[in-house]
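A, B, ... follow the sequence lines: proteins, then strands. Residue 1 opens every chain.
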Amino acid sequence: MAEEKKAKPKIQKEAVPIPKQPPEVRRRNFNEVALGYTEEQAVAEANRCLQCKKPQCIQGCPVEVDIPAFIRLIRERKFEEAIKKVKEKNSLPAICGRVCPQENQCQKFCVLGKIGDPVSIGRLERFVADWELKRGLEAPEKPAPTGKKVAVIGAGPAGLTAAADLAKLGHKVVIFEALHLPGGVLMYGIPEFRLPKRIVQAEVDYVKKLGVEIRTDCLIGRIHTIPELLKEEGFDAVFIGTGAGLPRFLGLPGENLGGIYSANEFLIRVNLMKSYNFPQYDTPIRIGKKVAVIGGGNVAMDSARSALRLGAEEVYIIYRRSRKEMPARAEEIENAEEEGVIFKLLTNPVRFIGNEQGLLKAMECIRMKLGEPDESGRRRPIPIEGSEFTIEVDTAIIAIGRTPNPIIQRTTEGLEVTRWGTIVADENGKTSIEGVYAGGDIVTGEATVISAMGAGKRAAKAIHEYLMNKK
Amino acid sequence: MYKIVTKKELAPKIKLFEVHAPEIARKAKPGQFIILMVHEKGERIPLTISDLNLEKGTITFVFNEVGKTTFELGLLKEGDVLPHIAGPLGNPSEIKRFGKVLCVAGGVMIAPMLFQAKALREAGNHVTMVLGVRIAQLLFFEDRARKICNEVYIASDDGSIGYKGLDFLKTLLKKEKFDRCIAMGPVVMLKTVSEITKPFGIPTVVTVMPVMVDGMGMCGVCRVTVAGKTRFACVDGPEFDGHQVDYDELLKRQKMFVNEERFSSILWEMLGGGKLFG
Ligand SMILES: Cc1cc2nc3c(=O)[nH]c(=O)nc-3n(C[C@H](O)[C@H](O)[C@H](O)COP(=O)(O)OP(=O)(O)OC[C@H]3O[C@@H](n4cnc5c(N)ncnc54)[C@H](O)[C@@H]3O)c2cc1C
Ligand code: FES
């Protein structure tokens, strides 16, 4: 790529915009918001890439995709080769192209960002992945079997990636997933309008085509424990990718009133159980007229935007710091605002108030101000005494964070765990038990899809080495 | 895919299914439950495991037809398959030698209670069983109970069979000393039993079955307040100290969903429409 010599057109400072559903339409439907580049748009955007001799972008990618190479192939309209290039490192590109926080990763390092918009790497990745999905995924050749068997626990991005990489190396892989559908947060958490479930299932199908067997409805720790997998079920190694799926609550009076959901419950009903298609699907969801979502991260934005789409009249985001400190991706905050979500910042709930039937009718809040920065570097919110006020809401969704799934830790003797409940593992995923590896949110606590995939990749490599050197 | 091996109607609208699920059967213990789906677009509903057969590789559960999902389930025939069963879920019941154990079972929960009673007897306990039903026609498994337990009492909401209500327990408890009480049934019944045993200082364990979705701790819909603390029934329970459960909150949390049209039937079953025995 460095030897490309053709004269380049003048630098285009502005990225080719991605077509989107207009806010007034999309706020009431579950179809995907961003529609994706056309071939022409993709090539035009790819043409903006400077094909740097020393590309900076790659260091921002947790799985080290050869970004300039795949962009050059798009430019040359060699889409098939482009997607192959991406897939050398990333087995779930249609997903990453949609949900990765590129602004903090690859695109942060793009030199074009210094004078204008960085190259839209994520949108280009999505483009080639969708291009391939439209034509149907090709199963790669099967490698010679090694005779080794690996159990992967959890079919989220960490587990799927580890499984795919191990299968490509010739190991027999079985994924055990507790829910009835594979995908982890991609299936049950991130809403359809941001990540269509047919995309997730297509990527899962690709992993299956690699020869990976997925057993759903298997809660490890109950149906089999990890020692049983190793000793009785004939597995040579185990990878744990069980995620951070437990909802955190505020611990405030009235929190168990009817009409108060954890974001997980709300999103599981809506996404996994497809309540928005009720009654074609049987799981109902109740959404009131006025909905308060507590929290300022991606999960809060997803909940608020889902509530709007289910027909809520007013949806508030209640966040205790200011907009600047919100952990959600900037793009998602903008999307939410465009769709009409109302932000009540520097506000914190104090208690929930119910009616005689035990249903939520109002929420008492207090105003906050920002004090000195805390350990996280963000300014600490301090309540302003006497500033309490009540807002009428009939639904509240608590999106203040999630903690690790605990069942494996409770049922695996000798597995070292931190006091936050995460599993202790080194950078290659090695845990305190021989042959047992872990990665993704179960090790780091809540993080991102791509970091979970990176962990799955590194662990797959380490497991491969372990298996090939054993005995 | 899980094949239905046996289907029986135990009483009007109360059905028993025996399902081929060898891996679950191998692991299931009394007190644990499964979550099943009738079809791919269905709800996930929890049902307590009522028996197992290791040779046949089957598990058994009993349910009440009260809402869409359980009606659909009841329409399935022997030979049909269920697409999804996750289990065993929840913590197993504590089975050891306690001495004299009083079991109180209401409605469909008679079936899983007898599964537990069998294990308690095998562990060397003296088991006194109370079978509670709304009306006489709904009684089932009386013979089985008499075979398994040392003593059997029958009670009903309307007095159409056995004692009327549970007040007779007060007299029983004055006469006999029990080391442990176990209750499975509608929330109103759990509350009543716990109120009766409390003054006698009998350790009382109740099985709560609030609404569930995932059954593995991920959604929090199954939260109950026990001793002032929020617990998740699916992973921390489903058994809790009966004297510490906030039953009024539990009832309200269940009702809020019952108001919701067509909502998961199972809570109705547990709630018993506000009746003692469901
Ligand atoms: C609503 C929401 C929005 C998000 N948005 C973004 C975003 O835009 N961009 C981004 O990068 N990240 C986002 N994240 C974070 C991201 O989804 C996670 O960091 C990522 O999914 C973690 O992957 P994982 O494989 O470690 O775990 P998960 O995706 O949580 O998968 C774990 C899987 O393991 C299964 N499991 C758990 N315990 C067991 C067991 N004992 N036996 C068998 N199976 C088990 C679970 O059912 C689950 O399927 C979001 C998260 C949420 C909740
Ligand atoms: S059923 Fe979801 S946490 Fe218990």
Side-chain angles (χ1 to χ4, degrees), chain A residues 177-181 188-189 215-219 221-225 228 242-249 251 255-269 272-275 277-286 354 356-360 398 402-407 410, chain B residues 2 21 23-24 26-28 32 34-45 67-69 72 83-92 211 213-225 229-230 232 235-236 246 248-257 259-264:
Chain A
E177 166 56 50
L179 292 171
H180 60 282
L181 290 171
Y188 79 73
R215 292 194 207 155
T216 54
D217 307 306
C218 289
L219 181 65
R222 294 283 186 218
I223 189 132
H224 307 293
T225 61
E228 284 166 1
T242 46
L246 257 65
R248 198 172 286 167
F249 285 96
E255 203 165 12
N256 292 345
L257 286 167
I260 304 182
Y261 297 99
S262 72
N264 255 18
E265 180 193 348
F266 181 73
L267 292 170
I268 288 176
R269 282 180 189 275
L272 184 73
M273 307 310 291
K274 297 213 185 302
S275 314
N277 276 334
F278 183 81
Q280 285 99 302
Y281 283 73
D282 292 341
T283 305
I285 183 100
R286 171 201 299 213
E356 305 83 64
Q357 287 105 49
L359 299 173
L360 178 68
I398 301 178
R402 300 148 15 98
T403 55
N405 284 14
I407 294 175
R410 285 187 197 167
Chain B
Y2 304 87
E23 299 214 306
I24 300 176
R26 240 170 52 195
K27 282 296 155 65
Q32 291 186 298
I34 53 164
I35 287 205
L36 64 77
M37 287 174 80
V38 180
H39 53 77
E40 296 295 340
K41 295 182 176 180
E43 293 175 273
R44 295 169 62 94
I45 59 161
K68 180 166 188 274
T69 302
E72 279 180 334
H84 297 287
I85 300 184
L89 303 172
N91 297 299
V211 191
V213 179
D214 57 299
M216 50 186 276
M218 284 170 54
C219 72
V221 70
C222 64
R223 57 197 193 272
V224 269
T225 304
K229 275 214 198 98
T230 295
F232 289 3
V235 287
D236 300 322
D246 183 340
D248 295 338
E249 181 188 274
L250 188 58
L251 273 169
K252 280 188 182 152
R253 282 188 65 77
Q254 293 194 330
K255 270 195 201 126
M256 104 206 177
F257 289 104
N259 290 343
E260 200 68 17
E261 224 192 353
R262 309 177 50 158
F263 204 83
S264 167

Any heavy-atom pair between the side chains of Leu36(B) and Arg44(B) that's under 4.5 Å? no
Do Ile260(A) and Ile398(A) have side chains that approach each other closer than 4.5 Å (heavy atoms only, starting at C-beta)?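 Sidechains of Ile398(A) and Ile260(A): in contact.
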Considering only heavy atoms, which portion of [X] lies under 4.5 Å from any heavy atom of chain A: side chain, backbone, both, or neither?
X	answer
Ile24(B)	both
Glu249(B)	side chain
Val235(B)	both

Pick one of side chain, backbone, both or neither for [X], based on which atoms fall under 4.5 Å of a heavy atom in chain B.
X	result
Phe266(A)	neither
Glu177(A)	neither
Arg410(A)	side chain

Top residue by heavy-atom pair count (under 4.5 Å) with chain B, among Ile407(A), Asn264(A), Ile223(A), Ile268(A)?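 Heavy-atom pair counts peak at Ile223(A).
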Looking at Cys218(A), Ala178(A), Pro247(A), Gly245(A), which has the largest count of heavy-atom pairs under 4.5 Å with chain B? Pro247(A)
Among Pro83(B), Gly220(B), Gly90(B), Gly87(B), residue most engaged with chain A (heavy-atom pairs, under 4.5 Å):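 Highest number of pairs under 4.5 Å: Gly90(B).
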Name the member of Met218(B), Gln32(B), Lys27(B) that forms the most heavy-atom pairs with chain A at distances under 4.5 Å.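 Heavy-atom pair counts peak at Met218(B).
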For Thr216(A) and Leu181(A), what are the C-alpha separation, side-chain angles and deciding distance, and is it a side chain to side chain contact (heavy atoms under 4.5 Å, CB included)? CA-CA 6 Å; Thr216(A) 54; Leu181(A) 290 171; 5.9 Å; no
Under the salt bridge (charged side-chain N to carboxylate O under 4.0 Å, His left out) rule, collect the residues that match up with Arg223(B), sequence neighbours excluded. none
Quick one: does Asp217(A)'s side chain have a donor or acceptor within less than 3.5 Å of a partner on His84(B)'s backbone? no
Starting from the C-alpha separation in whole Å, work towards a yes-or-no answer on side chain to side chain contact (heavy atoms under 4.5 Å, CB included) for His180(A) and Met37(B). CA-CA 9 Å; His180(A) 60 282; Met37(B) 287 174 80; 3.4 Å; yes
Gap separating the CZ atom of Arg269(A) from the CG atom of Asp214(B), nearest 0.5 angstrom: 10.0 Å
